[in-house]
Each structure stands twice: as structure tokens, then as C-alpha cells.
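Working notes, beginning with the structure itself.
These values consider heavy atoms only, across backbone and side chains, with no hydrogens, waters or symmetry-generated copies. Chain naming here is simple, since letters A, B, ... match the order of the sequence lines and numbering starts at 1 in each.
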There are 2 protein chains.
Amino acid sequence: MRPPAPPPSAPGSAHAQPTAPRSAHGSGTAQRSAPRGADGPGTAQRSAPRRVVQRAVPTSADVARLAGVSRATVSYVLNNTSSVRISEPTRRRVHEAARELGYVPHAAARSLRAGHTRMVLLPAPEVAVGPLYSGLFHELHWALSRLDYTVVQFGSAGQSGDQAARAWAELRPAAVLMFSTFSARLGPLGVDVLKRSGVRAVITLAQEPTEGAHAVLMDQRTVGRCAGEHLLARGRRRIGVVVPEEPGLEAYSLPRLEGVRRAAQGTGAEITELPLAYDEASAARLAGRWRRLDLDGVFAYNDEYAMLLMRALQDEGIGVPDDTAVMGADDLMLGRLLRPRLSTVRIELPSGRELAEIVDRAVRDPGAPPEVHKVLDVTAVPRESA
Amino acid sequence: MRPPAPPPSAPGSAHAQPTAPRSAHGSGTAQRSAPRGADGPGTAQRSAPRRVVQRAVPTSADVARLAGVSRATVSYVLNNTSSVRISEPTRRRVHEAARELGYVPHAAARSLRAGHTRMVLLPAPEVAVGPLYSGLFHELHWALSRLDYTVVQFGSAGQSGDQAARAWAELRPAAVLMFSTFSARLGPLGVDVLKRSGVRAVITLAQEPTEGAHAVLMDQRTVGRCAGEHLLARGRRRIGVVVPEEPGLEAYSLPRLEGVRRAAQGTGAEITELPLAYDEASAARLAGRWRRLDLDGVFAYNDEYAMLLMRALQDEGIGVPDDTAVMGADDLMLGRLLRPRLSTVRIELPSGRELAEIVDRAVRDPGAPPEVHKVLDVTAVPRESA
DNA sequence: TTGAAAGCGTTACCAG
DNA sequence: CTGGTAACGCTTTCAA
């Protein structure tokens, strides 16, 4: 997160603020007022070519000066502090001055002073997540805003989960929501780093709970189980399960596979794992050896892979559902457009509001022991393909 | 040393404020000051533990004390400052102490002192964007990380673009990338707010340039033009253009429509706007009145709407492409699976690396006049449906 | 080679 | 009701 070293190059070019040593300890308001530029007093602060007059960023002190009041008053007015009454004319002068200067408070300074933030960190998804999750993110975002949190999606491009945790901890967020199903897995160490840095709530959305964190369990195995049970109920006994070859999806695909296995337990059905990349060639290859595989049913990970596979099977002359029943998951619109219509598993994610409330509760009571919420409602949607 | 402030009244009663004083983004203005029990350097940590020992968050001073050095030394060691040489044993002691305490630097404090950040703000998309944009975001993110920027996706749930700009300005990012094609439009005012708050680079990805900002123009009209030209070349003259009813898509759909119109100019072809919601009922309704519309070609906004419409047309007994040619856009995999295979417009977005370099250049030279980059390469992909 | 101290912009606490 | 002042955690110059 640190720049390795500011390009030393031109002397003074990168100087943050070569302010003259403050005359007295605490004459607080008296400096750096005028547009720095022109001929600096004494210290030659030859800023690089100032093609455009880069005005200094206005601070609350500037506002105070312009309004002819103290910085405290500015703060009171701009924050609507209720414990202090400020006369109406003063208020107006302050607002006026702020507007004129284009003053925007400095979040870092504020949170430094406050000792905490209202930031909630969400991990920016690294693999293309479906519309389901996009929708959830969006809802969650909205719900958290309503609760006066600032939502920040924070990426961890290529770092490990625990490295990422460190980077996030630097921001001192109030809460961190971690999707352990994504590639950057957060382990107990990461949770610990976050907690020690003052994060009030760490919440994982995952398959299984992480030590020390609240957990919202989205057990993908139930998706597999549901699909498996559906196929079994239709009398299928030699069942294939598509496992995408694309990296980053294992967190979903493996539990789904496991779920099918569980459903098959004790039924005498046979489960076959079928690696498949998301392209036509791969699907054609799989379809090519389909007859040898001798399967009468397949759960294709999700609707997209199901569509891909179904098309390849049909092109190969394999009847769906007669020869092989095909089952998807996620209940995408597009599955309904195929012929035969794609049978699928509908997944009910928790609502953004629910999630936001879990976050809020956890933030308000950081001492509380980790809660575990089970979510993910799952229903088979029988259509024509299975 | 001043005595520790007594814990604020009833711990549980400090509700997050029911009504925020102001937007107060970034760090909020919660009353709950909750100064952590112990106080600064020097005194023994005797904070009264509540339910769980909420250790005070370690600061660099704590590290210094434990390592038996000054804070300056800690800073030097931890930041690998090259202008100062620290003895190896000291280095080790410092690192050791930092590790033991779980010290993580405070980003806000650091950037406050530094006077600038390495943060790049991206808007979190508000409408479900396709895999194209997800991919671009992901690439961009990665490329910016390589350039040592911290990427933050920042939402603006429901605010106007210029309001959002204010919220973003509070974070004092080095650069803001704005997708003016999304619902929160950033106008010249917003750009000004950002610039005055010290943001070094404002870059819009948009249809048209915004005053004062660098622009990466992704002209959606070319998509429409390409589709239109293709249909015209196939001899179609009465062309429909699907315009999604879903809000938030206008920024794409309207320019695409406009592009088709332009392609048709002077050819005598007739363009008909076709509102369509993304559900089967809406598609069926549109297909129901298709014969009356008397169209021999349609550009369906993108592949998803195209698939939806194509299915509805087929169900209505309308031949594709014989009666009506159908054209999509985005070249999704799924379009290839349909029969007839969907003709489409492939869109080549700029690479994340390119974009990252534009950002970096702009940050390094904030005074430079706004650049305008034209991107978006577009090619028709003829398949069977048109 | 290390340490002391000045501030970055804000807000909370007390004197006026 | 208003204004001075200290302090949040960090970096960096200057002095020892």
C-alpha cells in the first residue's frame, strides 16, 4: 500500500507541504491561507509547472476565516451538532462560506479524530458472479446505506486472504464482510488481524464458519442435494455432475458435487464427476464420449453450463430428457427459453436487508459471541429437461 | 498525563443515529465516541475490560515502546525508508514487536500526514453489467494494483452524480473513474467539486466528454450502427430496435438506437423503437403484435434480449431469419447455442492495462489538459439469425 | 544511528 | 452561545 519511494527527482516537486515552521505553538488558524504560488516567503517552493492554478484544498479553517468564526463553530454548523445552538445568521454565513470555497470535509481527518469509521468493506468479487450475487450486493449496498454505513468494495487482486486482511485492516472499517467462497479465503489469522485492528464485526459468507467471525452460511451442498434428489426421484441412477474447469469456481462447484453425492448415498446410484470448460469445444468433447459414460442424468453445476452441455448433447443426437435428464441451477431466465425447457434449482439468497441487519447488530455489539445464520433456500423447479 | 475519560454512559444505549445529521460519509458522525479505555503512551494499559477484552488497537507508539525505540525509528523500519540507515538488530526488534502486537498502520493517519492518497475510486456498478464489464473491471483493478494504487469500488446508492461526487471527494482519492453511462451521472459541477478537493485526475468513461475531465469515450452508437449496417446489407428495410424497459440501461440503449438510426439515414429504411421488459410475458406480447408491426429485421439491444425475443417470435410462428432477421450484441457464448445461431455485434473494450495507464498518466500530471480517448472496437459477427 | 517534535484536518471539551 | 486547545496516528525534518 505504500508507494515504494516517491520519485526523488526534482527537488521540491513532490513536497507535500513545505509549510513554514509554525511561529507559535498553537496560533492555530494563521497560516497557509493565501493561494500558495506566487513568490513564496523565503523558501523557494518551486512547484512544477503549474499550468493550471492548483488551488490549495480548502479546510474548515479556511471556511472559518471566511465566515469570520472559529473552526469549532464551523464544525458545529456543518455537522448540525444538536448539543450546541448556533444563531441563524452565523449558520448562514458558515454555509455560505463553505459553498463558496467548495469545502468538502476530509474523511481521513474525521475518522482519525473520531477513532472509528462507518465503513463496511465488501470484497469485490474476483470471478464473474452471476446475476444472483450482483443482485444481492446491490441490495445489501442499498440497505447498508440506509443504516448510514459507507459501503466500499475492496479488491485484493491476487493477494492471499490473510494478506488482504492486513490491507483491509489499514482502513479501520467498522465491519468486514468476507465471502470465503471467493478465491481470497479468510482464515482465523486474518480474522484475528482484523479484530486486533479494531474492526468491530467480521462476517463471513461461506460454506462453513470461520473461527472468531460471525457466519452467514450458504451451504452450496444443499443445491447439489436438491438437484440430486430430483434426478433420483425421476428414477435416474447413473448421474453425472459437471464441475467447471474455470478456476475460482471450486468454492461453489465442489460443495454442489458433494451435495449430489450425499443425496445418492444409500440409493445405489452412481455419481460421476465431469470436468467441463465453458466453451463449445469442451462441451462437444464431453458429449462425444457421452454414450460410453452411460449416464441417464446430469446435474450441470448451473444453468449456463447446463445450456452449454444440453446443446452439445442434442447435437450429438442424445435425447434430453429421454436418454439423459439435465438439471441446472440458479433459475436464469434463459433456461426457460430452451427447448426442452431447462429444469433447475432455484436458489433463494438472503435479502440485502437481512444481511445489513446482521452487520449492524454485529457492529453495535462487538463483544457478542459469533452468531451463525443459515441461509439459502433451495427448491427444485421441474420443467422439461429433467 | 490526563486521566482516562470515563466510559460514556450506558454502553448499549448509543444507537447509531436514527437520522444522520448529513450524509456524513466516509466516517460518519456517530456520537458514540467511545475513547478506548487506556490512554496514550506512557501509562500502563489498565483499561477496564468489558465483556470481551477489547484490546486497545496498537499504534506505532506501542510498537516503539515494546521495541525500546522511538516512533520515528518504527516508521523508518516499517516503511523501509532508504534515506536512513537503521542497524539490523534494531530492525529485527521493531519487526518483532510489530508482529507480536499485530500492528497494522492506520491508513487515514498516514494519508492525512502525507497529504495525498493512492486511492483510485471506481463506481460500483448499479445495474447488472454484463460479463464484458465485469471482466474490464477486474483487469483494471489488477493493472492498477500493479501500479501501486489501491482500488476502491464506491457505491452511490441512489444519490445524484453530483451528490455522489461530494461523498467521494471526502475520501480524497488520487483519481476518480466515473462511468457516466451509469445512472449516477457526473456533470461539470461534480468534476469541479472533485478537483477542488484535490483529486488529481477525474476520468469519465462515457458516451461524450464531460467538461474538465479526461474522457474515455465508449460510443455505444457505433454498436447500433454496426448492427444497422449489417441488417441493411442483408436487404432489411423495416427495422425494429429493442429498447429495454429496465431502468438504468438507457445510457446504453438509447445511443444504440441512435446508431441504428444513423446507419439507416438516407437508405430509406424505417426504424421502429420497441420497448421490451426482460420477461417472457413482455416478449410474448411484443411477438403477438409482430405481424402488424411488419418488420423484416430487428436489433435487440444485446444477446440476452435477442434470445428472449427470438424465442417469442419462434413460438409465434415467425421465421428467423426468413421473416425477420434478429441481431444481438455482446457476443455471449449462449447466443451460439441457439438455433438458428444468433448473429451479433462483438464489442472490444479497452484493456484494463490501457485504462490503468491513462489513469496513472493523469495522476502524475494533474495539470495536463483533459485528454480524449476513443475506444470501443466493434465488429459484426454474422451467424444464422441475420 | 536515534530521538524529539511539529503538524496534517477534525471534533470534543471547557473556559469565557 | 462562542472560541481556544488538545489529541487522534502517522511521517519527517532537525538536532543530538
Side-chain angles (χ1 to χ4, degrees), chain A residues 2 6 15-29 31-32 56-64 68-79 81 83-91 94 103-117 170 172 197-198, chain B residues 1-2 5 8 21 24 26-31 33 35-36 39-41 56-64 67-79 81 83-91 94 103-117 170 172 197-198:
Chain A
R2 274 201 85 334
H15 274 268
Q17 225 27 279
T19 42
R22 190 168 289 248
S23 49
H25 161 84
S27 70
T29 56
Q31 58 151 83
R32 180 167 149 341
V57 182
T59 72
S60 74
D62 296 321
V63 177
V69 300
S70 74
R71 283 147 74 214
T73 307
V74 171
S75 176
Y76 292 143
V77 171
L78 261 31
N79 294 320
T81 307
S83 65
V84 181
R85 282 258 258 282
I86 307 284
S87 71
E88 199 46 51
T90 306
R91 297 187 97 79
V94 170
Y103 168 72
V104 173
H106 193 304
R110 176 181 284 173
S111 68
L112 182 57
R113 165 68 216 206
H116 62 91
T117 68
E170 295 193 353
R172 300 288 192 272
S197 81
Chain B
M1 294 290 144
R2 100 206 112 78
S27 56
T29 10
Q31 341 278 36
S33 58
R36 39 176 241 252
D39 56 4
V57 182
T59 72
S60 75
D62 296 320
V63 177
V69 300
S70 77
R71 282 149 73 212
T73 307
V74 171
S75 177
Y76 292 144
V77 172
L78 262 30
N79 294 322
T81 307
S83 65
V84 178
R85 274 243 186 359
I86 306 285
S87 70
E88 198 46 51
T90 307
R91 296 188 98 81
V94 170
Y103 170 72
V104 173
H106 193 304
R110 174 180 284 169
S111 68
L112 182 56
R113 165 69 217 216
H116 60 91
T117 68
E170 296 193 355
R172 301 289 193 269
S197 80

* Hey, does the side-chain of B:Arg113 have a donor or acceptor N/O within less than 3.5 Å of a partner on the base of D:dT11? -> yes
d([atom1], [X]; [atom2], [N]) in whole Å:
X: B:Tyr76; N: D:dC14; atom1: OH; atom2: C1'; answer: 9 Å
X: B:Arg91; N: C:dT1; atom1: CZ; atom2: P; answer: 11 Å
X: B:Glu88; N: C:dT1; atom1: CD; atom2: P; answer: 12 Å
X: B:Leu112; N: D:dA7; atom1: CG; atom2: C1'; answer: 12 Å
X: B:Asp62; N: D:dC8; atom1: CG; atom2: P; answer: 11 Å
X: B:Arg71; N: D:dC10; atom1: CZ; atom2: C1'; answer: 7 Å
X: A:His116; N: C:dT11; atom1: NE2; atom2: P; answer: 12 Å
X: B:His106; N: D:dT11; atom1: NE2; atom2: C1'; answer: 15 Å

* Asked: Quick one: which of C:dT1, D:dG3, C:dG3 gets closest to the side chain of B:Ala72?
  -> C:dG3
* Asked: Residues in side-chain hydrogen bond (donor to acceptor under 3.5 Å, both in side chains) with B:Thr81, at least two apart?
  -> none
* Asked: Pick the nucleotide of DNA chain D nearest each of B:Ser83 and B:Ala108; which residue has the one closer to the 5' end?
  -> B:Ala108
Taking only residues two or more places apart in sequence or in another chain, which ones pass side chain to side chain contact (heavy atoms under 4.5 Å, CB included) with [X]?
X: B:Ser75; value: B:Asn79
X: A:Ser60; value: A:Arg71, A:Val74, A:Tyr103
X: B:Ser111; value: A:Ala108, B:Thr117

* Asked: If you look at every strand shown and take non-hydrogen atoms under 4.0 Å, does A:Thr90 touch a base, only sugar-phosphate, or nothing?
  -> sugar-phosphate
* To do: Scan A:Val69 against the nucleic acid and name what it touches under 4.0 Å (heavy atoms): base, sugar-phosphate only, or nothing.
  => sugar-phosphate
* Structure fact -> Axis-to-axis angle across the helix from C:dT1-D:dA16 to C:dG16-D:dC1, five pairs each end, nearest 10 degrees, ~ 50°
* To do: Please determine if a side-chain N or O atom of A:Ser111 lies less than 4.0 Å away from the OP1 or OP2 oxygen of D:dC8.
  => no
* Asked: Hey, which of these two, A:Ser75 or B:Ala109, hits DNA chain C nearer its 5' end, going by closest nucleotide?
  -> B:Ala109
